[in-house]
Amino acid sequence: MDCLSSTDKCQKIMELARRRGFFWQSYEIYGGESGFIDYGPLGALLKRKIEQKWIDEFVRKEGLMLIDTPIITPSIVFEASGHTTYFTDPVTTCKKCGRKWRADHLLEEKTGESFEGLTLEELYKKMLENNVRCPECGGELESPKFFNELFKTTIGPYSENVGYGRPETAQGIFSNFKRLYELARGKLPFGVAQAGRCVRNEISPRQGPIRLRELTIMEIEFFFDPENPKCEKIFEVKNEKLRLLPEKLLLDGVTEPIEVTVEEALKNGYIKSEWNAYFMVKAKKFVEMLGIPSEKQFFKEKLPNERAHYSTQTYDQLVELSRWGTVELSGHAWRSNYDLKMHMVYSGEDLRVFVPYNKPQKVRRLLVEPNKKALTKDFGEEALRVSRLLTLTQPEFIRKSLDENGFYELKGDGKTYRITFEHVNLKEVEVEEKGKRIIPNVAEPSFGLDRLFYATLEYAYSEKDGRVVLKLPRELAPIEVAVFPLMTKDGLPEKAKKVYCMLLDHGFMVEYDESGSIGRRYARMDEVGTPIAVTIDHQTLQDNTVTLRDRDTWEQIRVKVEKLPLTLEKYFREKVDFKDLAKLC
RNA sequence: GCGGCCGUGGUCUAGACUGGACUAGGACGGGGGCCCUCCAAGCCCCUAACCCGGGUUCAAAUCCCGGCGGCCGCACCA
């Protein structure tokens, strides 16, 4: 099976996906639209099962809250989150044929280096240096411009009411923080999960199911106190091994991941947040449950210029795929308090959390009081936001900068405001505090469901005796059990249908098939990953036993019909090995 | 720096260079039947396609242009 060449394998999977109804390109009858795929009957089931597995592992077992918020989002939300400013990619246009391309991707193809995070000028300079041309017609390229990848729309009949399709589900969580914090009964830490459709107007998606314009993201925002960032469950995973490629080593030119325990990774500062480390272990195990062995995965830290605008540290979980090389399946960002802070600035809501002291403390505090008049004079409509932003900034920083430079550069939603002495009154006061108000920090594990789906298929794909066997993990199989009468006579179909109905009643996903030869029916089920086939033969009519046939070994055992639901229950829910099932019967 | 290739039933493809007998062939799949069977057996019947639009021509799957979609190589870099 490993002798398959990489394109071969991918082609075979894509073909299987179309032929058996896992997925295909959308809008085929109109020539297709790149960046969109349809999930077919089996694909839709498999996708849901992967999502369900994720909910089971993260929401149920980790005690997170699952929510579901809209795709369409009013523009102010993404102004606050910074996406209207930062969710952009450099696009360059061919002077000859007019085609548009991701400038950094063209450079990357050309040089093999990564060019994320360069300025437009730097990019253009590099493009000229490397003589990057239009891949389609060889024409000269214009200097790149930033293209915002948010899908824009209007809400209702008023064209000025702009909305965007969300590029991540996270903002639906952040904008609900207050209510969710209430539902968490006012205690940190707590986590919120969401799985849903997102849209990103990619400039030129060319990697099939890997780079989509409409995708499903499953993400968690885990809120914790930055002054008490300990993960209380870290001891459970401290000896777990992670394959890591941290920034420190990347900068030294290391290209192979190292294997370290979680404890070491934290001690060496490879991973800065315990909560992120904890979820990285969970992510490794989750991906393993999809059939992708841990030695095929590793986590690579994003360099500062590659990171998203909100991130303090990000690791990508990568996996090796046959055609597309190493591909990100999940990202693990430490989002600091960026999002909540910006939503405070834009909404005016207090999204801080009150953490009481054991007893009240008298403290001297430096206070920064915004001077409304001066702010309005200099910042007009933005004055209110500037003033909110000011009160959320460490007063000491402001004073230090004012003292040293005469001004302070207040950074917010992609803009920088120059604050001078006249904008603020600095006061030192003695106050009695009963507790502190903090903006929680956020650990964000974020998974791309479509990529997980593809990777699952690829790692399940195998061939045996010239036919395809899809070795999906049993709990992911879209069809769990197939029921076949050995022949279509002597009452075998009737008996088989009874067994089929009984299994349906017990909640299994079952398929009945009586067409063609028995071997052909087994083969069909192997190809779509059905783990168990139940066959009704002449012996069934005598002693009420059926055969169970294992997808991976093609071995068979006989089981009493009455014991069938229980046996399958053991197999699917309790993960009893096929060969041990016989002993139970 | 440069170039190239491809799009035909559900899937894989023949046909294209050299336009006409193509009513578009095959294999696999799928449906029905025979057979009555534990790993894609065999036989019969059926099913279903030239990516879209325009042009050239008496005639276009075939040539030209445009669109949509898919893909690759050399060189360079490491």
Side-chain angles (χ1 to χ4, degrees), chain A residues 5-8 10-22 24-37 40-42 96-99 106-115 126-141 204-211 213 250 253-256 323-325 463-469 482-493 496 513-528 530 533-540 545-558:
Chain A
S5 84
S6 61
T7 44
D8 244 30
C10 177
Q11 259 167 23
K12 285 180 170 182
I13 288 161
M14 301 291 264
E15 187 204 317
L16 177 72
R18 277 193 294 272
R19 206 157 38 80
R20 302 313 305 261
F22 285 96
W24 53 78
Q25 196 178 28
S26 299
Y27 311 111
E28 275 179 327
I29 63 165
Y30 291 104
E33 185 69 46
S34 105
F36 299 92
I37 58 168
L42 294 177
K96 204 164 124 197
C97 70
R99 285 190 178 81
L106 291 186
L107 254 175
E108 202 173 318
E109 271 170 39
K110 189 93 179 190
T111 64
E113 294 171 53
S114 172
F115 289 95
K126 292 264 181 200
M127 285 165 64
L128 294 175
E129 276 170 20
N130 291 282
N131 202 2
V132 176
R133 296 292 191 116
C134 173
E136 197 61 35
C137 75
E140 261 185 75
L141 296 166
S204 56
R206 286 207 288 174
Q207 297 165 82
I210 300 302
R211 177 158 254 105
R213 288 190 166 117
L250 278 168
V254 178
T255 53
E256 282 299 307
R323 174 176 291 179
W324 291 294
E463 289 176 7
K464 180 173 179 177
D465 295 357
R467 54 199 231 196
V468 177
V469 181
V483 177
F484 305 143
L486 187 63
M487 297 176 278
T488 49
K489 63 171 193 182
D490 303 334
L492 293 180
D513 190 359
E514 60 176 42
S515 77
S517 74
I518 188 74
R520 177 185 294 263
R521 284 176 271 161
Y522 287 144
R524 254 197 298 255
M525 284 300 113
D526 286 345
E527 208 177 35
V528 298
T530 306
V534 173
T535 304
I536 284 76
D537 56 17
H538 283 104
Q539 194 182 328
T540 311
T545 61
V546 293
T547 62
L548 295 198
R549 178 245 188 210
D550 177 40
R551 174 194 68 196
D552 298 337
T553 60
W554 299 1
E555 281 165 14
Q556 295 192 340
I557 56 171
R558 285 202 88 90

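The sequence lines fix the lettering, A, B, ..., with proteins before strands; numbering per chain opens at 1. Both backbone and side-chain heavy atoms feed into the values below; hydrogens, waters and symmetry mates do not.
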So what does [X] touch, heavy atoms closer than 4.0 Å: a base, only the sugar-phosphate, or nothing?
{"X": "A/Ser34", "answer": "sugar-phosphate"}
{"X": "A/Ile518", "answer": "sugar-phosphate"}
{"X": "A/Glu28", "answer": "nothing"}
{"X": "A/Asp465", "answer": "nothing"}
{"X": "A/Arg467", "answer": "base"}

Under the criterion salt bridge (Lys or Arg N to Asp or Glu O under 4.0 Å), which of A/Arg467, A/Arg521, A/Arg19 is the partner of A/Glu527?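 Of all the options given, the one that passes is A/Arg19.
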
If the [atom1] atom of [N] is compared with that of [M], how far apart are they to the nearest Å?
{"N": "B/rA14", "M": "B/rC22", "atom1": "C1'", "result": "12 Å"}
{"N": "B/rC68", "M": "B/rC51", "atom1": "C1'", "result": "8 Å"}
{"N": "B/rA61", "M": "B/rU13", "atom1": "C1'", "result": "14 Å"}
{"N": "B/rC12", "M": "B/rG7", "atom1": "P", "result": "12 Å"}
{"N": "B/rG20", "M": "B/rU56", "atom1": "C1'", "result": "16 Å"}
{"N": "B/rG9", "M": "B/rG25", "atom1": "C1'", "result": "12 Å"}
{"N": "B/rC65", "M": "B/rC5", "atom1": "P", "result": "12 Å"}
{"N": "B/rG67", "M": "B/rG31", "atom1": "C1'", "result": "37 Å"}

Rounded to the nearest angstrom, tell me the gap between atom [atom1] in [X] and atom [atom2] in [N].
{"X": "A/Met14", "N": "B/rG7", "atom1": "CE", "atom2": "P", "answer": "18 Å"}
{"X": "A/Lys464", "N": "B/rC39", "atom1": "NZ", "atom2": "C1'", "answer": "10 Å"}
{"X": "A/Glu15", "N": "B/rC28", "atom1": "CD", "atom2": "P", "answer": "15 Å"}
{"X": "A/Lys12", "N": "B/rG29", "atom1": "NZ", "atom2": "C1'", "answer": "17 Å"}
{"X": "A/Leu486", "N": "B/rC39", "atom1": "CG", "atom2": "P", "answer": "10 Å"}
{"X": "A/Asp537", "N": "B/rC36", "atom1": "CG", "atom2": "P", "answer": "17 Å"}
{"X": "A/Arg18", "N": "B/rC12", "atom1": "CZ", "atom2": "P", "answer": "5 Å"}
{"X": "A/Glu527", "N": "B/rU11", "atom1": "CD", "atom2": "C1'", "answer": "10 Å"}

State which of [options] makes the closest approach to the side chain of [X].
{"X": "A/Met487", "options": "B/rC38, B/rC36, B/rC12", "value": "B/rC36"}
{"X": "A/Thr488", "options": "B/rC36, B/rA40, B/rC12", "value": "B/rC36"}
{"X": "A/Ser515", "options": "B/rG31, B/rC38, B/rA40", "value": "B/rG31"}
{"X": "A/Ser517", "options": "B/rA40, B/rC36, B/rU11", "value": "B/rA40"}

When you measure from the side chain of A/Trp554 to the backbone N and O of A/Arg551, does any donor-acceptor pair fall under 3.5 Å?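 Between the backbone of A/Arg551 and the side chain of A/Trp554 there is a qualifying donor-acceptor contact (under 3.5 Å).
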
Could you tell me whether the side chain of A/Thr540 and the main chain of A/Thr545 form a donor-acceptor pair under 3.5 Å?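 Yes; judged by distance alone, with no hydrogens or angles, the pair exists.
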
Is A/Asp526 side chain donor-acceptor paired with the B/rC39 base, going by distance under 3.5 Å alone?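 No, the side chain and the base share no sub-3.5 Å donor-acceptor pair.
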
Classify the side chain of A/Arg549 and the base of B/rC39 as holding, or not holding, a donor-acceptor pair under 3.5 Å. yes

Paired nucleotide for [N] [Watson-Crick or G-U wobble; both distances under 3.5 Å]:
{"N": "B/rC43", "result": "B/rG33"}
{"N": "B/rC17", "result": "none"}
{"N": "B/rC2", "result": "B/rG73"}
{"N": "B/rU57", "result": "none"}
{"N": "B/rG66", "result": "B/rC52"}

With respect to the phosphate group of [N], does any side-chain polar atom (N or O) of [X] fall under 4.0 Å of OP1 or OP2?
{"X": "A/Arg520", "N": "B/rG29", "value": "yes"}
{"X": "A/Gln25", "N": "B/rG70", "value": "yes"}
{"X": "A/Arg323", "N": "B/rC71", "value": "yes"}

Hydrogens and angles aside, do A/Arg213 and A/Ser26 bring a side-chain donor and acceptor to less than 3.5 Å of each other?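 There is no such pair between these side chains.
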
Starting at the 5' end of RNA chain B and moving along, which residue's nearest nucleotide shows up first, A/Arg524 or A/Gly519?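 It is A/Arg524, whose closest nucleotide lies nearer the 5' terminus.
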
Name the residue closer to the 5' end of RNA chain B, choosing between A/Arg20 and A/Trp324 according to the nucleotide with the nearest heavy atom. A/Arg20

Salt-bridge contact A/Arg549-A/Asp526 (side-chain N to carboxylate O under 4.0 Å): yes

Side chains of A/Arg20 and A/Val468, heavy atoms from C-beta outward: is any pair under 4.5 Å?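 No. Closest side-chain heavy atoms not under 4.5 Å.
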
Do the side chains of A/Met14 and A/Pro209 get nearer than 4.5 Å, heavy atoms only? yes

Closest non-hydrogen atom pair, A/Leu42 against A/Phe22: CB-CE2, 3.8 Å

